[in-house]
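For ligands, and for the atoms within them, numbers begin at 1 and follow the listed sequence.
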Amino acid sequence: MNSSTPLIDAFGRKVTYLRLSVTDRCDFRCVYCMSEQMQFLPRSQVLSLEEMQTIAAVFVGLGVTKIRLTGGEPLVRKDCVSLVRGLSELEGLKEITLTTNGNQLAQLAKPLKEAGLGRINISLDSLNPEKFHAITRTGQLSQVLAGIDAAVDAGFDGTKLNAVIMKGRNDDEIIALAEYAVSKGVDITYIEEMPLGEGINHDRRESFMSSDEVRSRLRERFRLQAAFENSGGPARYYRIPDTQTRVGFISPHSCNFCHACNRVRLTAEGKLLLCLGNENAIDLKKLLRDPETTPQILADTIRNAVYYKPERHIFNVDEQVSIVRFMNMTGG
Ligand code: SAM
Ligand code: SF4
């Protein structure tokens with residue numbers, strides 16, 4: 001096998017998609033993602049831009065065609081635009097995407113587009129300033145809405161909103177969020193809350209709302225037509241006729257998408273996670289920082305690790321915490 005042999009696991013799934021967590025830090029503290037008092041990694045433990053670039057080049061050499069930058073909040077890292085620019089020079093990489101809370105997009109949307117960013121996902125859980133502030137604990141809705149406008153103006157290949165729906169917190173805004181997406185001509189995905197992290201200050205058994213329930217609510221207002229195109233991700237999509245908007249549902253509890261999983265995650269501290277819902281990981285930072293390590297050694301290590309990608313994740317809302325990692329550590 002040489003470094004160009006593709007990444008295939010023991011179940012025959014080909015890995016072509018890397019989610020790269022640029023930082024574990026964030027300017028928000030969303031209630032479903034972080035506790036109020038978070039301990040972040042010391043900077044020396046976080047991969048440098050050059051290390052991320054090296055690892056990304058190895059993954060692309062192994063057949064990865066799509067990289068999503070995520071976090072924590074990727075845009076709190078000042079050098080994120082240069083990272084996008086560096087990645088855009090990798091031959092074989094077809095798509096660079098970003099998931100952001102939108103807080104800094106008013107300034108950064110245009111530079112990101114110019115650096116080569118293709119698509120963007122922006123989290124938006126509420127259109128009510130007080131509720132938005134309560135969910136994010138620090139966020140200002142007006143700033144994020146300005147960021148969404150800047151993304152629309154920048155003209156990305158795709159702009160999508162992500163909303164985590166929680167009963168009693170924002171389930172009364174399901175329709176308003178879709179109407180907002182339609183008014184901006186962007187897509188929207190509703191995400192079931194996942195049991196990641198500990199010290200989260202609400203009972204997930206009470207807040208959990210299934211994609212089926214969200215879909216029923218939407219059907220009170222919109223006609224949803226099943227869309228057959230594949231987004232390459234775990235979402236199931238519907239079209240709202242006579243609009244630009246597609247509505248997606250990510251349902252880790254009610255719909256198991258593992259059989260088609262094509263992705264792995266790299267945490268900000270260089271741990272390669274083979275599955276969002278399992279703890280197994282390998283430490284690529286240690287290898288990267290060893291002067292004896294060549295790109296071939298990195299490639300062989302990654303290929304061997306991917307072979308052991310778990311068959312499926314198991315999330316259970318009745319267990320308050322399945323996975324101790326927080327979502328910001330994981331790279332959501
Ligand atoms: N900070 C960026 C953002 O919020 O978009 C990127 C990182 S965030 C961890 C990525 C996505 O994960 C966001 O859409 C967020 O809503 C979602 N997320 C975080 N914690 C979650 C949880 N426990 N269950 C489901 N989705 C979650
Ligand atoms: Fe930050 Fe994103 Fe987590 Fe919210 S979901 S706390 S914005 S990393």
J.: For the 3.5 Å polar cut-off, considering only N or O atoms, please tell me whether N121 and ligand 1 meet it.
T.: no
J.: Can you confirm, on distance only, whether ligand 1 has an N/O atom lying under 3.5 Å from any N/O atom belonging to D125?
T.: no
J.: With under 30° as parallel and over 60° as perpendicular, where do the rings of F249 and Y190 fit, or are they tilted in between?
T.: parallel
J.: Is G71 close enough to touch ligand 1? Criterion: a residue heavy atom under 4.0 Å from a ligand atom.
T.: yes
J.: Could you walk me through whether T100 and E73 pass the side chain to side chain donor-acceptor pair (under 3.5 Å) check?
T.: CA-CA 6 Å; T100 173; E73 173 47 42; 2.7 Å; yes
J.: Taking a hydrophobic cluster as the set of Ile, Leu, Val, Met, Phe, Trp and Tyr residues connected by side-chain heavy atoms closer than 4.5 Å, whether directly or through intermediates, do V76 and L266 fall within one such cluster?
T.: no
J.: Between L177 and L224, is there shared hydrophobic-cluster membership here, with clusters defined by ILVMFWY side-chain heavy atoms closer than 4.5 Å?
T.: yes
J.: Within the structure, is a non-hydrogen atom of G72 found at a distance of less than 4.0 Å from ligand 2?
T.: yes
J.: Report yes if some N/O of M194 lies less than 3.5 Å from some N/O of ligand 1; otherwise report no.
T.: yes
J.: When you measure from atom 3 (Fe) of ligand 2 to the N, O or S atoms of C30, does any of those distances fall below 2.8 Å?
T.: no
J.: Could you establish whether G72 and ligand 1 come within less than 4.0 Å of each other, counting only heavy atoms on the residue side?
T.: yes
J.: Does either side chain, that of D27 or that of N103, offer a donor lying less than 3.5 Å from an acceptor on the other one?
T.: yes
